[in-house]
Number of protein chains: 2
Amino acid sequence: MKTTRNTAAKTAVLEIFGKSKTALSHTEIQKELNDLCDRVTTYRILDRLVNDDIVHKIVNLDGTVKYAKCHHHAQRVHIHNHAHFSCEKCLEVTCLENVKPSYILPHNYKVNDINFTLSGLCPKCFNSNI
Amino acid sequence: MKTTRNTAAKTAVLEIFGKSKTALSHTEIQKELNDLCDRVTTYRILDRLVNDDIVHKIVNLDGTVKYAKCHHHAQRVHIHNHAHFSCEKCLEVTCLENVKPSYILPHNYKVNDINFTLSGLCPKCFNSNI
DNA sequence: AATATTAACGCAACAATGTTGCAATTGATT
DNA sequence: AATCAATTGCAACATTGTTGCGTTAATATT
Ligand SMILES: [Mn+2]
Ligand SMILES: [Mn+2]
Ligand SMILES: [Zn+2]
Ligand SMILES: [Zn+2]
């Protein structure tokens, strides 16, 4: 089995996730890292974290990709079945860990992962919009 | 008001959508068009079709973007509230027009659009996988 | 049918994002 | 300390999408 190592860059990335209340893009993380490592390395760290189920990937309607740290204990087969909210105004993406969609699927579909992203105005922007 | 025109390229794109059972990427459409027009034009046509609610955009977990023709009559405020299925094996993306997620959102969120994409194995690949 | 208006187009150039190969480095294990 | 391979940096490349601008052509007007 391929063992995964703790490097300075990976530790720094995890620290950034720890401090952030919102999901982060590769670019945002790279900036926050202050070029502690090459951007390719950051991509590879994110890939590893996703594979190890420490972080999950969120794809927005506008195509941007963000990452957020999981708040659960990884299980055998992991499905991120909670919703995400993407604010069209402040562009922040947040996990709605308590919002889980229910749906009825036709037979013979095997679901491995879901992406449920709502976009619109977050409470902060909604209120300042009145 | 900006009027929208019917051009040869736009007509060809719509014909391609008419024939396709699955959602199509810009690249797939461009190939199918056999370079009838420049790729930039195809991007602009797709943008227009999305704006006019004739086509809707689907963003996959892997980041790929696809488009599908709407099967509804455009309303005032349009939310694509049906699910999409993205097969990890054949890579096809299909509209599940009858699958609509239900969910309960905290107060003060204003939803303008949703993206509910399930990924896994489609019935075709699921069966050929046994 | 000719003309006017401007949406749509082609082309070239650019930008953002992500990927790959490979030699050098470094974390973890013995 | 020596070993092994996971991780990194760098350069190069690929893909996807955007922008500016002069030209073309769809549609409305005369
Ligand atoms: Mn989340
Ligand atoms: Mn659809
Ligand atoms: Zn907001
Ligand atoms: Zn399939």
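Source: prediction; values computed, not measured. Within every chain, numbering begins at 1; the chains are lettered A, B, ... in the order of the sequence lines, protein sequences first and strands thereafter.
Formation of a donor-acceptor pair under 3.5 Å by the A/E92 side chain with backbone atoms of A/F85 is not found in this model.
Distance B/N60 CG to C/dT17 P: 19 Å, rounded to the nearest Å. Protein atom CD of A/E28 is 14 Å distant from nucleotide atom P of C/dA16, rounded to whole Å. The CG atom of B/L46 sits 12 Å away from the C1' atom of D/dG17 (whole-angstrom rounding). Nucleotide D/dG9 holds its C1' atom 15 Å from the CG atom of A/L33, rounded to whole Å. In this structure, CG of B/D47 is placed 13 Å from C1' of D/dT16, rounded to the nearest angstrom. Summarising the geometry, the separation between CD on A/Q30 and C1' on D/dC10 is reported as 14 Å, rounded to the nearest angstrom. Atom-to-atom, CZ of B/R48 to C1' of D/dA26 comes out at 11 Å; the value is rounded to the nearest Å. Between the P atom of D/dT16 and the CD1 atom of B/I29 lies a distance of 13 Å, rounded to the nearest Å.
Closest non-hydrogen pair, A/A83 versus A/L118, comes out as CB-CD1, 4.5 Å.
A salt bridge (charged side-chain N to carboxylate O under 4.0 Å, His left out) check over residues 56-66 of chain B, counting only residues at least two apart or in different chains, returns the pairs B/E28-B/K66.
The ring-ring contact (aromatic ring centres under 6.0 Å, His included) search around B/Y67 returns none, not counting sequence neighbours.
A/I58 forms part of a hydrophobic cluster together with A/V93, judged by ILVMFWY side-chain heavy-atom separations under 4.5 Å.
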Given protein heavy atoms under 4.0 Å, the one-letter contact record of nucleotides 25-30 of chain C, with B base, S sugar-phosphate only and - none, is simply -BBS--

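Of the residues in residues 37-45 of chain A, those placing a heavy atom less than 4.0 Å from an atom of DNA chain C are A/R39, A/V40, A/Y43, A/R44, in numerical order.
A side-chain N or O of B/H84 and one of B/H56 form a donor-acceptor pair less than 3.5 Å apart.
Using the six-membered ring where Trp is involved, B/Y43 and B/H26 have ring planes that are parallel, under 30° apart on the 30 and 60° scheme.
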Test side-chain contact (heavy atoms from CB on, under 4.5 Å) applied to B/V59 and B/T117, step by step: CA-CA 8 Å; B/V59 183; B/T117 306; over 6 Å; no

Pairs under 3.5 angstrom only: tabulate donor-acceptor contacts from the side chains of residues 11-21 of chain B to other protein residues two or more places apart or in another chain.
unit_1: B/T11; atom_1: OG1; unit_2: B/T7; atom_2: O; d: 2.8
unit_1: B/S20; atom_1: OG; unit_2: B/T22; atom_2: N; d: 3.2
unit_1: B/S20; atom_1: OG; unit_2: B/T22; atom_2: O; d: 2.7

